[in-house]
J.: 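One structure, as structure tokens, below. Some questions next.
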Amino acid sequence: MTEKTIFSKIIAGEVPCDEVYQDSKCLAFRDIQPQAPIHILVIPKKAIPSLKEVSASDKELLGHLLLIASDLAKKEGLENWRTVINTGAEAGQTVFHLHLHVIGGRPLNWPPG
Ligand code: AMP
């Protein structure tokens with residue numbers, strides 16, 4: 001059996017999180033090491049390792065995650081924000097459970113490192 005990720009443990013309630021939203025398909029919580037004043041992670045409850053492993057059957061779920069990210073950013077009062085999905089270790093992915101970062105509350109430079 002594959003080892004559970006920290007995010008699967010959070011979904012299962014085995015590890016606490018600073019939850020901001022959840023529904024039947026996703027959970028959103030504050031990043032433990034925020035990179036900006038607002039840093040929220042939106043994750044599907046389905047354990048998809050990364051954007052590499054998605055398929056057409058995930059179309060609705062992926063759209064849902066983006067809509068929730070947008071709603072939460074606006075609820076946090078953000079006018080400008082960045083939505084990031086790191087895919088693969090060399091792109092900065094450290095937790096292999098798909099997640100969207102919603103980052104804002106300070107000026108954000110481009111390109112990212
Ligand atoms: P990534 O590097 O794109 O895979 O993002 C993983 C993110 O998860 C990082 O920003 C971590 O700070 C965050 N993280 C890891 N463990 C936890 C946790 N227990 N609660 C909240 N955020 C976490």
Side-chain angles (χ1 to χ4, degrees):
M1 205 182 90
T2 335
E3 182 95 352
K4 259 188 176 183
T5 66
I6 186 79
F7 291 175
S8 284
K9 291 179 187 169
I10 288 174
I11 290 164
E14 296 162 14
V15 169
C17 73
D18 187 356
E19 181 181 323
V20 291
Y21 175 83
Q22 78 165 301
D23 61 28
S24 60
K25 292 183 197 147
C26 73
L27 173 67
F29 51 91
R30 294 190 194 281
D31 197 293
I32 207 165
Q33 274 192 291
Q35 301 302 314
I38 306 292
H39 188 166
I40 291 169
L41 301 172
V42 183
I43 73 173
K45 288 190 173 171
K46 179 180 173 186
I48 303 170
S50 81
L51 207 54
K52 247 182 254 174
E53 288 80 17
V54 296
S55 66
S57 64
D58 297 313
K59 199 172 181 173
E60 198 183 320
L61 175 61
L62 293 171
H64 183 71
L65 297 175
L66 278 174
L67 287 172
I68 295 301
S70 173
D71 283 352
L72 292 176
K74 287 180 275 187
K75 265 192 201 125
E76 294 288 326
L78 296 175
E79 295 275 347
N80 307 272
W81 69 86
R82 187 168 294 162
T83 312
V84 174
I85 302 177
N86 293 323
T87 304
E90 285 184 18
Q93 187 175 5
T94 57
V95 179
F96 287 81
H97 181 120
L98 178 65
H99 51 281
L100 280 71
H101 295 259
V102 177
I103 299 166
R106 65 164 170 84
L108 298 166
N109 296 324
W110 192 262

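Just so you know, ligand 1 is whichever comes first in the structure, and atom 1 is the first atom listed for that ligand. No hydrogens, no waters, no symmetry mates; every other heavy atom, side chains included, goes into these values.
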J.: Consider only side-chain heavy atoms of I, L, V, M, F, W and Y, link residues closer than 4.5 Å, and tell whether L98 and L66 are in one cluster.
T.: yes
J.: Tell me whether the centres of the aromatic rings in H99 and H97 are closer together than 6.0 Å.
T.: no
J.: Which option wins on minimum heavy-atom distance to atom 22 (N) of ligand 1: I32, T87, L100?
T.: I32
J.: Judged by atom type as modelled, is there a donor-acceptor pair below 3.5 Å linking the side chain of Q33 to the main-chain atoms of D31?
T.: no
J.: Got the closest protein heavy atom to atom 4 (O) of ligand 1, with its distance?
T.: T94 N, 2.6 Å
J.: Q35: heavy atom below 4.0 Å from ligand 1, yes or no?
T.: no
J.: Do P16 and ligand 1 have an N or O pair less than 3.5 Å apart?
T.: no
J.: What residue and atom, counting heavy atoms only, is the protein's closest point to atom 5 (O) of ligand 1, and at what distance?
T.: H99 NE2, 2.9 Å
J.: Does a side-chain heavy-atom distance below 4.5 Å link S24 with K45?
T.: no
J.: Between the main-chain N or O of S50 and the side-chain N or O of E53, is there a donor-acceptor pair closer than 3.5 Å?
T.: yes
J.: Below 4.0 Å, non-hydrogen atoms only: which portion of L41 touches ligand 1? Side chain, backbone, both or neither.
T.: side chain
J.: Which of the atoms of ligand 1 are close to H101, meaning less than 4.0 Å from one of its heavy atoms?
T.: 1 (P), 3 (O), 5 (O), 7 (C), 10 (O)
J.: Does an N or O from H39, backbone or side chain, lie closer than 3.5 Å to an N or O of ligand 1?
T.: no
J.: Tell me, please: is C17 in heavy-atom contact with ligand 1, that is, under 4.0 Å?
T.: no
J.: Which ligand 1 atoms does Q33 reach within 4.0 Å, using its non-hydrogen atoms?
T.: 12 (O)
J.: Within a strict 4.5 Å, meaning less than it, do heavy atoms of the K46 and D58 side chains meet?
T.: yes
J.: Name the closest protein heavy atom to atom 11 (C) of ligand 1, giving the residue it belongs to and the distance to 0.1 Å.
T.: D31 OD1, 3.4 Å
J.: Look only at interatomic distance and state if F29 has a nitrogen or oxygen under 3.5 Å from any nitrogen or oxygen of ligand 1.
T.: no
J.: Heavy-atom distances under 4.0 Å decide this one: backbone, side chain, both or neither, for F7 against ligand 1?
T.: side chain
J.: Tell me, which protein residue and heavy-atom name are nearest atom 2 (O) of ligand 1, and how many Å apart are they?
T.: G92 O, 2.7 Å
J.: Looking only at atom types and distance, does a side-chain atom of R106 sit under 3.5 Å from a main-chain N or O of Q35, one as donor and one as acceptor?
T.: yes
J.: Looking at CD1 of I43 and CZ of F29, how far apart are the two atoms once the value is rounded to the nearest 0.5 Å?
T.: 4.5 Å
